[in-house]
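Let me begin by presenting the structure, written as structure tokens, before commenting on it.
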Amino acid sequence: MRWSQLFAPTLREAPGDAEAASHKLLVRGGFIRQLHAGHYSMLPLGWKVHQKVAQVVRDEINAIGGQEFLLPTMHPASIWQASGRWDTMGEIMFRLEDRRGNATALGITHEEIFATVASELNSYKQLPQVWYHIQTKFRDEARAKAGLLRVREFHMKDSYSFDVDAAGLDVAFDNHDRAYRRIFERLGIPAFGVEASSGAMGGTDSVEFMTPSPAGEDDVARCPSCDYAANIEKATSALPPIEAGETAELEKFPTPGVRTIAALEEFDGGAPAIDQLKTLVMVLDGTTTLVVVRGDHQLNLQKLIDATGAIEIRPANPEETVAALGANPGSLGAVAVTDHPVIVDLSLEGRVNMTTGANEDDFHYRGVSVERDLQVGQWTDLREVSAGEACPRCGTPLEIVRCIEIGHIFKLGTGFSETFGATISSQEGDIVPIVMGSYGIGIGRNMAAVAETHHDDKGLVWPVSVAPFEAVITVMKIDDEATMNAAELLYDDLRHAGVDVVLDDRDARAGVKFADSELVGIPFRLTVGPRGLKDGNVEYTVRSTMETVDVPLESAATTVIHAVHAAKAVPHGGIGV
RNA sequence: CGGGAAGUGGCCUAGUUCGGCUAAGGCGCCUGCUUUGGGAGCAGGAGAUCGGGAGUUCGAAUCUCCCCUUCCCGACCA
């Protein structure tokens, strides 16, 4: 490719509405342009990177036996109704009608479609299978953000494994786990797996792959000493034991004006937060429910969703709260409440002599024994872990890290195969549902994650594995015949060696060409100009370090070819190169 | 959906408080000359329904109302 013909509209300044580093740089570098919120045009450079990321993913999934499909993106409502997700997916799914009035949806994922295809499997002899596709998914995200990190239309590789039994699924799952780690290595993304909430699908094992970034949207609790890491929606910690203390009589006492945990701590006759019960009134699928955590703890909503299976979940509004308990927030409690379900966090097991609202404005109870005084319907882990709490495995203080979720693998089980009749005859002659696994990785998001973790003050620093070009030949003086001839020869040599190279033959000043090559982030640069050629040299610059050395013209192409091959060969596909 | 901010040539901004001549500057783009190893200099030029609509006014980028869009925080998000 000749840069003079390349459509790469670089900008000196990022658009004012870009915030995340990857967003700014991908726009400035001429990789992407926004059409509207959550929808981006991939310009030639962006599409090249995107395709290279997809190819790395494709390679690794092929390597574990994956077979690639192309599936419809527009789905009939009926298939989503069959799985029950037409209703449970809510507003995330784009829905439309065709000319005949048939309800239709744009695919947000493809479990239903693959399960339908899988209904043609009929014998254990055909298994295992790993099927995947890399296609556009549509999600009507309430809030698209941060450039390519969260969009409404994006390419995703999702694969599905089909096995006879749970042991087979374990193998497919582990294969994907390893494939994903290789993918992130090749992309140069520092990634680690975390325990995750399996969400509405209710799978068993669920691992999210994360990379630390301030532009991320997930918080991860991670142990600096051992390998414990979990999404905050799933994370637990070891709390210091609390001495049981003396059981006391339940006693209502006046607390005029006290409406908060903090105020009750200060109040004469109150109690420290650790000895208080925090009662939250939530509406779970229409059922008003009391959720109780320790006074100094935060409720994690996802944990409540996972524990209850609720689909729609929200805090009760003030009117509902008063109607349910007869008091306003600030004086609420679950003592002796029997007409609403009560869900209590595990950290409150065995606690006595606690203080909580009395469901009467300006009154609290003290001397509360949780088991004695609350009608606990469900004990479960509900509280959100905080930084500094002890690792549940080794006791080291946990850190909370902001991360981008770059992949998710989990065990689906037999739900979909039962629904869609994907059953097989087992070796024993029984008809059994196929055991499925589901494995997703967003292509554009991973592209953004690479950008997010590979840039400096000059611009992007792509790993060779996904760089828009592997090398650039920067011509200092296009009207100098010797210079242009030397550059053309290098260009030919590199192309013939299979290097993805761009010849910067633009009639532009040196500074412009240097700045563009650095902004775009091309890993290797050969600078050809009269100054070096006078001594038979060209300059060789490595983008990641910006180290520049003179190399003889005759060996310049070889230098680049070796560098490209070396970067692609090692598993750490170009990190630091 | 709740809270906040913002829409002015392709990009970044000024002007809006307190209405007033032809909407200003930088980058980019085009032409010419000069320059030529780190985003050049000089001269000239093109390019704007000031997000849209309605209203107030002699007069609206500026004031009022309605709407649209975008960004940020939260909610939400296999």
Side-chain angles (χ1 to χ4, degrees), chain A residues 9-20 23-24 27-28 30 33-39 80 83-85 88-93 107-112 137 139-147 149-152 154 156 158 160 196-203 206 208 215 217-218 231 233 301-302 305-306 311-315 317 405 407-413 415-416 436-442 445 458-459 474-480 483 504 506-519 525 527-534 538-539 541 546 548:
Chain A
T10 57
L11 299 174
R12 206 181 285 209
E13 290 178 273
D17 56 11
E19 198 85 0
H23 186 190
K24 287 182 187 167
V27 173
R28 277 192 60 208
R33 287 294 186 267
Q34 184 182 61
L35 183 62
H36 59 146
H39 301 262
W80 286 87
S83 67
R85 297 209 288 182
T88 59
M89 276 305 165
E91 295 185 308
I92 198 76
M93 192 153 62
I108 57 175
T109 176
H110 281 74
E111 276 88 356
E112 279 82 353
K137 312 279 168 173
R139 294 185 186 181
D140 192 355
E141 293 289 349
R143 185 177 163 218
K145 56 176 288 199
L149 279 175
R150 180 160 217 87
V151 290
R152 308 205 307 165
F154 58 98
M156 179 169 176
D158 46 341
Y160 302 90
S197 155
S198 11
M201 296 321 308
S206 178
E208 287 169 343
E217 304 181 89
D218 286 274
N231 192 304
E233 298 173 345
L301 273 184
Q302 187 65 41
I305 290 170
D306 289 347
I311 293 164
E312 192 189 306
I313 185 166
R314 61 177 175 83
N317 58 43
E405 181 193 340
H408 191 180
I409 60 178
F410 68 99
K411 298 182 179 177
L412 262 184
F416 283 97
M436 289 176 63
S438 174
Y439 318 91
I441 181 167
R445 181 181 287 186
K458 294 178 188 303
T474 303
V475 186
M476 297 314 300
K477 205 169 161 56
I478 59 167
D479 50 2
D480 181 79
T483 300
D504 193 347
R506 289 177 297 170
D507 182 13
R509 299 177 64 84
V512 172
K513 295 187 176 193
F514 288 145
D516 273 349
S517 76
E518 287 150 15
L519 173 60
R525 179 170 77 207
T527 304
V528 185
R531 201 168 79 183
L533 285 180
K534 170 164 56 71
V538 300
E539 281 166 28
T541 304
M546 289 307 292
T548 296

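Quantities reported herein were computed from a predicted structural model and do not represent experimental measurements. Each chain gets a letter, A, B and so on, in the order its sequence line appears, and its residues count up from 1.
For the C1' atoms, the distance linking B/rU17 with B/rC68 amounts to 26 Å, nearest Å. Distance noted for atom C1' between B/rG26 and B/rC65: 36 Å (whole Å). Here, B/rA61 and B/rC50 have their P atoms 7 Å apart, quoted to the whole Å. Distance check on atom C1': B/rG59 versus B/rG19 gives 8 Å, rounded to whole Å. Taking atom P in both B/rU22 and B/rC27, the straight-line distance is 27 Å, to the nearest Å. The same atom, C1', is picked in B/rA75 and in B/rG2; the two are 8 Å apart, to the nearest Å. Rounded to whole Å, the separation between the P atoms of B/rG51 and B/rA40 comes to 32 Å. With C1' as the reference atom, B/rA43 and B/rG37 are 27 Å apart, rounded to whole Å.
Rounded to an integer number of Å, the gap from A/Asp158 CG to B/rA78 P is 15 Å. Between A/Leu149 atom CG and B/rC77 atom C1' there is a gap of 14 Å when expressed in whole angstrom units. Computed from coordinates, the A/Glu233 CD to B/rA75 P distance equals 11 Å when rounded to whole Å. Following rounding to the nearest Å, A/Arg445 (CZ) and B/rA78 (C1') show an atom-to-atom distance of 12 Å. Per the geometry, CZ belonging to A/Arg150 stands 10 Å off P belonging to B/rC77, to the nearest Å. As a whole-Å value, the separation of A/Arg12 CZ from B/rG39 P is 9 Å. Between the CD1 atom of A/Ile92 and the P atom of B/rC76 there is a distance of 13 Å, given to the nearest Å. For A/Asp504 and B/rG39, the CG to P distance is 15 Å, given to the nearest whole Å.
Under the side-chain contact (heavy atoms from CB on, under 4.5 Å) criterion, A/Leu519 pairs with A/Thr10, A/Leu25, A/Arg28, sequence neighbours left out. Legend: residues meeting side-chain contact (heavy atoms from CB on, under 4.5 Å) with A/Lys137, ordered by chain and number and at least two apart, are A/His110, A/His133, A/Phe154, A/Met156, A/Asp158. Qualifying salt bridge (charged side-chain N to carboxylate O under 4.0 Å, His left out) partners for A/Glu405, counting only residues two or more places apart in sequence or in other chains: none. Residues meeting the salt bridge (charged side-chain N to carboxylate O under 4.0 Å, His left out) test with A/Arg139, sequence neighbours left out: none.
Looking at heavy-atom distances under 4.0 Å, A/Met93 makes no contact with the nucleic acid at all. In this structure, A/Leu301 reaches the sugar-phosphate backbone alone: every heavy-atom distance under 4.0 Å involves primed, P, OP1 or OP2 atoms, never a base.
A distance of 5.0 Å separates CE in A/Met546 from NZ in A/Lys458, rounded to the nearest 0.5 Å. Taken from CE in A/Met89 to CG in A/Asp140, the straight-line distance is 13.5 Å, to the nearest 0.5 Å. Summarising the geometry, atom OG1 belonging to A/Thr474 is positioned 9.5 Å from atom CG belonging to A/Asp516; distances are rounded to the nearest 0.5 Å. Going from atom CD of A/Gln34 over to atom NE2 of A/His23 covers 6.0 Å, rounded to the nearest 0.5 Å.
A close approach under 4.0 Å does not occur between any side-chain nitrogen or oxygen of A/Arg85 and OP1 or OP2 of B/rA78.
Checking B/rG20 for Watson-Crick or G-U wobble geometry (two distances, each under 3.5 Å) identifies B/rC58 as its partner. Searching all strands for a Watson-Crick or G-U wobble partner of B/rA40 with both distances below 3.5 Å returns B/rU34. A 3.5 Å limit on both hydrogen-bonding distances identifies no Watson-Crick or G-U partner for B/rC50. As the counterpart of B/rA5, B/rU70 is assigned, both hydrogen-bonding distances of the Watson-Crick or G-U wobble pattern falling under 3.5 Å.
The listed nucleotides are B/rG39, B/rA78, B/rC77; the one nearest the side chain of A/Ser438 is B/rA78.
A/His408 and A/Phe410 have tilted rings, their planes meeting at an angle from 30° to 60° on a 0 to 90° scale.
The minimum heavy-atom distance linking A/Arg506 with A/Ile478 is given by the pair O-CG2, 3.8 Å.
Heavy-atom distances to RNA chain B give each of A/Gly440 and A/Arg28 a nearest nucleotide, and the one nearer the 5′ end belongs to A/Arg28.
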Indicate for each nucleotide in nucleotides 32-38 of chain B, in 5' to 3' sequence, whether protein heavy atoms under 4.0 Å reach the base (B), only the sugar-phosphate (S), or nothing (-). ---B-BB
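Side chains of A/Ser83 and A/Glu111: no donor on one and acceptor on the other come within 3.5 Å.
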Each nucleotide N or O in nucleotides 67-72 of chain B that has a protein N or O under 3.5 Å away: list the pair and distance.
from, atom 1, to, atom 2, distance (Å)
B/rU70, OP1, A/Ala37, N, 2.8
B/rU70, O2', A/Asp17, OD2, 3.1
B/rC71, OP1, A/Gln34, NE2, 3.0
B/rC72, OP1, A/Ala146, N, 3.4

